[in-house]
Amino acid sequence: MKKLAKYLLVSVLVLLLAGWLLLSIFDANRLKQPVLGWLNEHTELDLTIGRLEFNPLHPYTLLAEDVRLGDWFSARQLYLQLATLSPLSGQTRIATLDIIDGKLQLDNATELVLPDNLANIRIDELNTKNLTLSWNGWQAGGADLTLSQWQPRRQGSWQWWSDLEVSGQLRHLSHPALDMSRINLSGRISQQQLIVDRVQSRLFGGLFDSALSLNLPTRELTLNEPQFSHNKLQFEQLPQLDKDWTLLLNRARLKDVSITSPTLTANGIDGDLRYLEWQDGGLPEVSGSWQASEAVLDWLRLDEHQGQLSSSRERLGLTLRGKAYQGAFDSELRWYPQQGRLDIDNLQLQGNKLNWQSDLYWPVPDVRIHKLNLNQGELLSLDPGLPLSLLGGELFIADLAWSGAQWRPLSAQARLEGSWSEIAFDSLIARHGHFNARLDDTRLLLDKLSTDALDGRISLDGSIGLYPPHQGQIRLKGQALELRRLSHWLQAERAFSGQVNIDADLAGTLREPASWQGALALDGHDIFIEKLGLDDWLKRRLGEDYGRPTRVDPLLAALDLEQSDGFIYRAELNGPVKQGRWQLDGSAVQSVRHLLALRGALDFAGRWQLELGAVNDQRCRELAIRLEDSWRAPRLRLHQPELNTPCQPWYRGSVPYPAAGLPGRLTEAVRKLKNGN
């Protein structure tokens with residue numbers, strides 16, 4: 001019996017050893033093709049496996065290499081360890097599933113059709129190493145994740161968003177408007193929501209730290225107490241939120257954040273957003289405050305400043321204060337993007353130095369200024385076509401609106417007030433100026449404008465219509481104005497100087513010269529005009545014989561005038577304006593040796609019809625000069641009328657005969673001088 005027992009034991013051991021050796025050299029790859037063929041035929045998995053390791057002694061452990069599932073999933077290695085496999089009850093429990101170097105393209109994923117004996121699948125632990133994931137424009141790479149206690153299939157239905165625990169790292173996560181790297185996260189999926197207790201990452205060159213929840217059924221992403229630090233946000237265009245999605249931020253913190261985009265650049269942003277709710281199709285609802293070292297919006301530049309933001313989907317409210325353009329500012333603004341309207345509730349500017357560029361434009365079609373106050377402002381134009389500068393500017397605007405390229409009042413209190421220490425247009429300078437103006441529904445009313453200009457004093461008041469045909473009324477007075485300043489500014493062909501007073505009271509329609517009515521008076525003293533030798537020209541004409549009216553070539557007459565310079569002691573031009581024609585009856589010009597009287601009219605449309613006369617010391621005309629047609633191409637006629645004895649004075653105005661003028665009859669005196677008698 002002992003020997004029999006011994007032989008039986010040895011036989012059992014030999015059989016066990018032989019079975020173990022047989023199973024150890026078993027090659028599972030020989031069964032791979034028929035098994036995969038059966039699976040693909042009955043399940044539509046479209047599954048391929050490059051190499052398979054399986055040992056019947058460890059039936060719940062499987063290692064597959066070069067695994068591919070359709071065109072949407074692949075992995076270099078896939079390790080599977082089953083905890084329970086009960087085909088009859090449809091229960092499958094996977095203890096461990098490791099995916100190495102996997103690639104998952106969810107946009108191409110199809111529904112997996114499995115047999116009924118795989119109705120319930122539970123995974124205790126799923127690990128990924130260097131997983132690449134793409135979905136709807138998102139790209140995730142280098143994902144090392146651990147998913148715990150996950151049941152993706154229940155009662156024959158897939159439930160990818162069933163409850164689970166998740167933790168791990170991602171090397172990078174990108175989207176056309178987002179780039180994150182070195183991401184660490186820990187959280188869970190509960191009731192179809194991804195809840196991450198904490199996620200840390202690199203974001204746009206800075207740090208990001210937040211808790212978040214992602215609700216796919218409602219398409220809502222919530223960031224709780226996010227912190228952005230040293231981020232450099234760069235956008236080719238301002239980001240747009242995908243349709244039907246909602247982004248929520250609660251108690252966000254910004255530290256040294258910068259923004260760069262085609263329209264907005266800002267640096268050194270520190271701030272807090274109490275809440276933000278952003279949906280596609282409107283402004284975000286947001287409330288927060290910040291401070292920044294600088295911000296540039298198109299041509300508008302702000303230096304160190306603080307701001308508060310309160311926004312709804314239809315309106316954005318801003319309060320800004322700080323430094324800008326070497327001065328200070330304080331503002332309260334409202335922006336309505338759907339209407340293209342900006343409301344300036346209050347704007348205070350103090351000591352700002354503004355530069356005007358030739359390419360500046362105002363992009364907002366509708367601006368409403370409720371209150372604007374500028375103190376000690378400066379303006380310098382860098383536009384060659386607008387050589388303008390302003391020092392010591394003061395400006396107050398109340399209840400004015402700009403829309404449709406037109407100013408209009410917002411209330412009966414709409415007005416403008418301003419003053420300046422110095423304003424220069426090219427070489428023309430005005431100092432110590434002040435103005436008051438009002439605006440009603442149809443007119444701009446200038447109550448007062450006064451300034452020191454041309455070394456004299458100018459005052460102006462009147463009104464102008466806001467709409468065509470732009471009817472206007474003007475009252476202008478200028479005292480002791482130096483023509484030398486005006487000559488230099490105009491860069492005239494002939495330099496001139498002297499002093500003039502002007503008094504105008506006119507009314508009419510812009511661009512309709514024939515509509516102007518009123519009165520205009522000019523009174524000049526000690527006027528010098530280069531290349532306008534009036535005395536020599538009159539002397540030569542008086543010495544010639546124009547017994548009959550003679551037409552003279554105006555070009556030759558002009559050349560003759562240019563042979564010497566002219567000096568005018570006194571010039572008085574005044575008269576009424578009727579239908580755009582300035583009537584000059586009673587006007588005269590006193591040169592060194594002659595008194596030239598004027599009658600007739602100057603047309604505001606550029607024509608003249610004047611009768612001029614060189615008069616003697618008895619005010620009788622001895623040389624008649626007639627000018628007609630346009631100013632640039634006149635017709636000129638000369639005549640020496642016969643004088644009666646006693647003669648009838650042709651000029652009765654207040655300009656005296658020159659003290660150096662020739663006595664008696666001019667023609668006789670000039671001819672005697674010419675003959676040397």
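FYI, the numbering just counts along the sequence from 1.
- Trp516 places a side-chain heavy atom less than 4.5 Å from the side chain of Leu510.
- Trp150 and Ser162 are linked by a side-chain donor-acceptor pair at a separation below 3.5 angstrom, with hydrogens and angles left out of the test.
- Here Glu422 pairs with Arg431 in a salt bridge; the nearest charged N to carboxylate O distance falls below 4.0 Å.
- Heavy atoms of other residues, nucleotides or ligands lying less than 6.0 angstrom from CZ of Arg341 number more than 12.
- Looking at Asn267 and Glu294, their side chains do bring a donor and an acceptor atom within 3.5 Å of each other.
- Nearest heavy-atom pair across Arg438 and Leu444 is O-CD1, 3.4 Å.
- In His172, the NE2 atom is crowded: over 12 heavy atoms of neighbouring residues, nucleotides or ligands sit closer than 6.0 Å.
- Side chain to side chain, Asp452 and His432 fail the donor-acceptor criterion of an N or O pair below 3.5 Å.
- Gln479 CD: 12 or fewer foreign heavy atoms inside a 6.0 Å radius.
- Trp489 places a side-chain N or O within donor-acceptor distance of the main-chain N or O of Phe425, the cut-off being under 3.5 Å.
- Between the Ser201 side chain and the Met180 main chain, no donor and acceptor come within less than 3.5 Å of each other.
- At a cut-off of 3.5 Å, with distance as the only test, a side-chain donor of Gln376 or Glu394 sits close to an acceptor on the other residue.
- Minimum heavy-atom separation, Glu332 to Thr319: CG-OG1, 4.3 Å.
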Distance-only donor-acceptor pairs under 3.5 Å for side chains of residues 399-411, two or more places apart:
| from | atom 1 | to | atom 2 | distance (Å) |
| --- | --- | --- | --- | --- |
| Asp399 | OD2 | Ser411 | OG | 2.6 |
| Ser403 | OG | Arg408 | NE | 3.2 |
| Gln406 | NE2 | Leu466 | O | 3.2 |
| Ser411 | OG | Gln413 | N | 3.2 |
| Ser411 | OG | Gln413 | OE1 | 3.4 |

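- Annotation: the span from Leu445 atom CG to Asn436 atom CG amounts to 12.0 Å, rounded to 0.5 Å.
- Ion pairing between Asp455 and Arg485 holds under the 4.0 Å rule for side-chain N and carboxylate O.
- A salt bridge links Arg475 to Asp461: at least one charged side-chain nitrogen sits closer than 4.0 Å to a carboxylate oxygen.
- The backbone N or O of Glu225 lies less than 3.5 Å from no partner atom in the side chain of Ser210, so there is not a single donor-acceptor pair.
- Counting heavy atoms from C-beta outward, Asn373 and Leu395 have side chains that stay 4.5 Å or more apart.
- Between Asp256 and Asp270 there is a side-chain heavy-atom pair separated by less than 4.5 Å.
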Open item on the list: Between Thr246 and Gln279, is the side-chain hydrogen bond (donor to acceptor under 3.5 Å, both in side chains) condition met? List the steps.
Closed with: CA-CA 5 Å; Thr246 301; Gln279 294 178 334; 3.1 Å; yes
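- Side chains of Gln348 and Asn346: a donor on one and an acceptor on the other come within 3.5 Å.
- No donor-acceptor pair closer than 3.5 Å links the side chain of Asp197 to the backbone N or O of Gly187.
- A donor-acceptor pair shorter than 3.5 Å can be found between the side chains of Ser450 and Arg457.
- For the pair Lys323 and Asp303, the salt-bridge criterion is not met [side-chain N within less than 4.0 Å of a carboxylate O].
- In this structure a side-chain-to-backbone donor-acceptor pair under 3.5 Å is present from Ser312 to Arg315.
- A distance of 7.0 Å separates CD in Gln491 from OG in Ser427, rounded to the nearest 0.5 Å.
- A distance of 10.0 Å separates CD in Gln227 from CZ in Phe208, rounded to the nearest 0.5 Å.
- Counted by atom type alone, Glu125 and Asn127 present one or more donor-acceptor pairs between their side chains at under 3.5 Å.
- You'll find the side chain of Leu185 reaches within 4.5 Å of the side chain of Leu170, heavy atoms only.
- Atom CZ of Arg182 is surrounded by 12 or fewer heavy atoms from other residues, nucleotides or ligands within 6.0 Å.
- Ion pairing of Asp345 with Lys371 is absent here, as no side-chain N (NZ or NE/NH1/NH2) approaches a carboxylate O to less than 4.0 Å.
- Using cut-offs of 30° and 60° on the angle between ring planes, the pair His305 and Phe329 is tilted.
- Leu476 is listed as a side-chain neighbour of Ile458, based on a closest heavy-atom distance under 4.5 Å.
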